[in-house]
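Just below is one structure, and these are the notes that go with it.
When a residue number appears, it is its place in the shown sequence, counting from 1. Whatever order the structure lists ligands and atoms in, that order sets their numbers, starting from 1.
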Amino acid sequence: MTEFRLPRRLLTEAPGWAEHADVVVVGSGIAGLTIALEARKAGRVLLVTKTGLPAGSTAWAQGGIAAALGPEDSPEQHLHDTLMAGGGLCDEDAVRTLVTEGPQRVRELAALGTEFERADDGTIALTREGGHRRDRIAHAGGDATGKEISRALIEALRAVEEDPGIDVIEHALVTDVLTDAHGRACGVSLHVIGEGRIDGVGAALGRAVVLATGGFGQVYASTTNPPVSTGDGVALALRAGAQIVDLEFVQFHPTVLWLGRTAKGQQPLISEAVRGEGAHLRDVEGRRFMADRHELAELAPRDVVAKGVVTAMAETAAEHVWLDARHLGAEFLAERFPTIVARCRSYGIDPATDLVPVAPAQHYASGGVRTDLRGRTTVPGLYACGEVSWTGVHGANRLASNSLLEGLVWGHRIAIDLAETLADVP
Ligand code: SIN
């Protein structure tokens, strides 16, 4: 495991105003929203987010959220698949926590109002993605799972907005984690583009700080991450003296719509679920190349498929391969993958009749700010959750659709830890 430490050496402008709360949560994806909703039972929560509430990666997640919900499935099998995908570098206790608590957390998310797709018998419908040997991916809105989860969580947050226990500041760029004389996190400095008193550089002070700031895909030329994923959380944690681990384990998604070599920034994702429903990968000469490379063929773990794609591109001197979903039929594709079909069509490609050009692009940071099973970092009072964190769950390569689950499970655990410990913090 690679560990990094960086001494604090940057100073931010002195704050012109201060807001007080018990818990300061930075970020508004599944992790930040879950913690805000649950931690308000333990104390007053201030959630700050860089732009608007739904701007982060969560709302862009297509495929879904993995949990052993099916009658043929079990947490033990989900554990096995996660460990296999992680290349021997997962923390087994962390994975066991994820897969054991995951099903209940997903049911709670549904009870909160997330409208997952349902099977004929009313149970949550499940599909398959790369590296999973069972159908265990819950999905919503066809291929708009993250958007629906984000909607439900934000709606739940808005419903309690009048609650004096929770406040939100949008358009707030956090510039530093503040620590007290004992080295304990006691708030953040932030630059807000706001109105009235809360505008410009200020401080959000609390007895605990949670970083839920997402990933750093925008560091790469080509990524599936939205513009806000600029790695702020890792930088903040480094400057506060927290341990950062496994930053080298950056996951590339194998099937991102290829829009030419000059395309930069966020690129359109073509979910693994399309392969989960039966689409094939072909090189530019029309050959299916994954069957020779792994027993699960197109549904091998993501790193295997990404390497297979890059090798096929090199062997054919091409800049992309093809995703072939034509045999799935126009009606099925439009119903199951409305977002992807619309996006492809906006570029003049119809997945029902055309081969779709795809190539790998940066997708996910499997490493991050080191935490324990309670979400605590190595800096007292500082927690991290979601993509910014390293919980040990993902190892060298995250299993598809385990990321939303990790944000949910650890978000819940952090809220419990806060409820149990905040009263003892002066
Ligand atoms: C996808 O839909 O292919 C992405 C799912 C994930 O990143 O887990």
Side-chain angles (χ1 to χ4, degrees), residues 29-31 56-67 78 81-82 85-86 95 98-99 102 106 116-117 125-132 135-150 214-217 220 223-226 229 249-257 266-279 281 290 296 298-306 309 323 325 333 336-341 343-344 351 356 358-366 368 386-387 391 393-409:
I30 190 168
S57 288
T58 293
W60 290 92
Q62 293 182 347
I65 183 162
H78 190 181
D81 292 349
T82 303
V95 181
L98 179 86
V99 299
V106 172
F116 287 113
E117 234 95 59
L126 301 168
T127 189
R128 197 170 296 207
E129 288 180 350
H132 293 272
D135 290 350
R136 65 168 71 99
I137 317 295
H139 47 95
D143 52 5
T145 311
K147 200 167 168 193
E148 170 57 12
I149 291 174
S150 180
F216 49 68
Y220 288 77
T223 177
T224 60
N225 292 188
S229 298
F249 293 139
V250 173
Q251 182 171 76
F252 283 70
H253 196 289
T255 55
V256 177
L257 187 60
Q266 187 180 16
Q267 305 298 310
L269 176 69
I270 311 286
S271 175
E272 292 218 345
V274 181
R275 279 172 281 132
E277 297 289 358
L281 283 166
M290 278 313 299
L296 294 176
E298 279 91 350
L299 287 177
R302 195 168 282 173
D303 58 329
V304 176
V305 182
V309 170
L323 184 68
L333 285 170
R336 179 69 181 82
F337 300 112
T339 315
I340 293 169
V341 169
R343 202 72 201 274
C344 286
V356 179
V358 291
Q362 192 280 349
H363 185 59
Y364 193 83
S366 296
E387 188 172 354
T391 59
V393 153
H394 306 310
N397 173 56
R398 176 177 63 86
L399 183 65
S401 288
N402 267 356
S403 48
L404 291 173
L405 191 68
E406 184 195 39
L408 196 60
V409 167

Handout entry: Close approach of His363 to ligand 1, heavy atoms, under 4.0 angstrom
Key = yes

Problem - Any Ser401 heavy atom less than 4.0 Å to ligand 1 - result: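 Heavy atoms of Ser401 do come under 4.0 Å of ligand 1.
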
Per-atom contacts, ligand 1 versus [X] - under 4.0 Å to a heavy atom:
{"X": "His253", "result": "1 (C), 3 (O), 4 (C)"}
{"X": "Ala400", "result": "8 (O)"}
{"X": "Arg302", "result": "3 (O), 4 (C), 5 (C), 6 (C), 7 (O), 8 (O)"}
{"X": "Glu272", "result": "1 (C), 2 (O), 3 (O)"}

Handout entry: Sidechain-backbone polar pair: Asp303 side chain, Asn397 backbone, donor-acceptor under 3.5 Å
Key = no

Practice task
Nearest 0.5 Å please: distance from the NE2 atom of His253 over to the OG1 atom of Thr255.
Solution key: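 It is 4.5 Å, given to the nearest 0.5 Å.
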
Completion exercise
The side-chain hydrogen bond (donor to acceptor under 3.5 Å, both in side chains) partner of Asn402 among His78, Glu129, His394 is His78

Exercise for the section: Kindly confirm or rule out an N or O of Gly63 lying under 3.5 angstrom from an N or O of ligand 1. Expected result: yes

Problem - Results of side-chain hydrogen bond (donor to acceptor under 3.5 Å, both in side chains) for Arg136 - residues two or more places apart only - result: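 Arg136: side-chain hydrogen bond (donor to acceptor under 3.5 Å, both in side chains) contacts with Asp73, Asp81, His132.
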
Exercise for the section: Quick one: list whatever passes side-chain hydrogen bond (donor to acceptor under 3.5 Å, both in side chains) with Thr145, sequence neighbours left out. Expected result: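 Partners of Thr145 under the side-chain hydrogen bond (donor to acceptor under 3.5 Å, both in side chains) test: none.
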
Handout entry: Minimum-distance protein heavy atom relative to atom 2 (O) of ligand 1
Key = Ser271 OG, 2.7 Å

Exercise for the section: Ignoring hydrogens and angles, state whether a donor on the side chain of His363 or Gln251 is under 3.5 Å from an acceptor on the partner side chain. Expected result: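 Short answer, no.
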
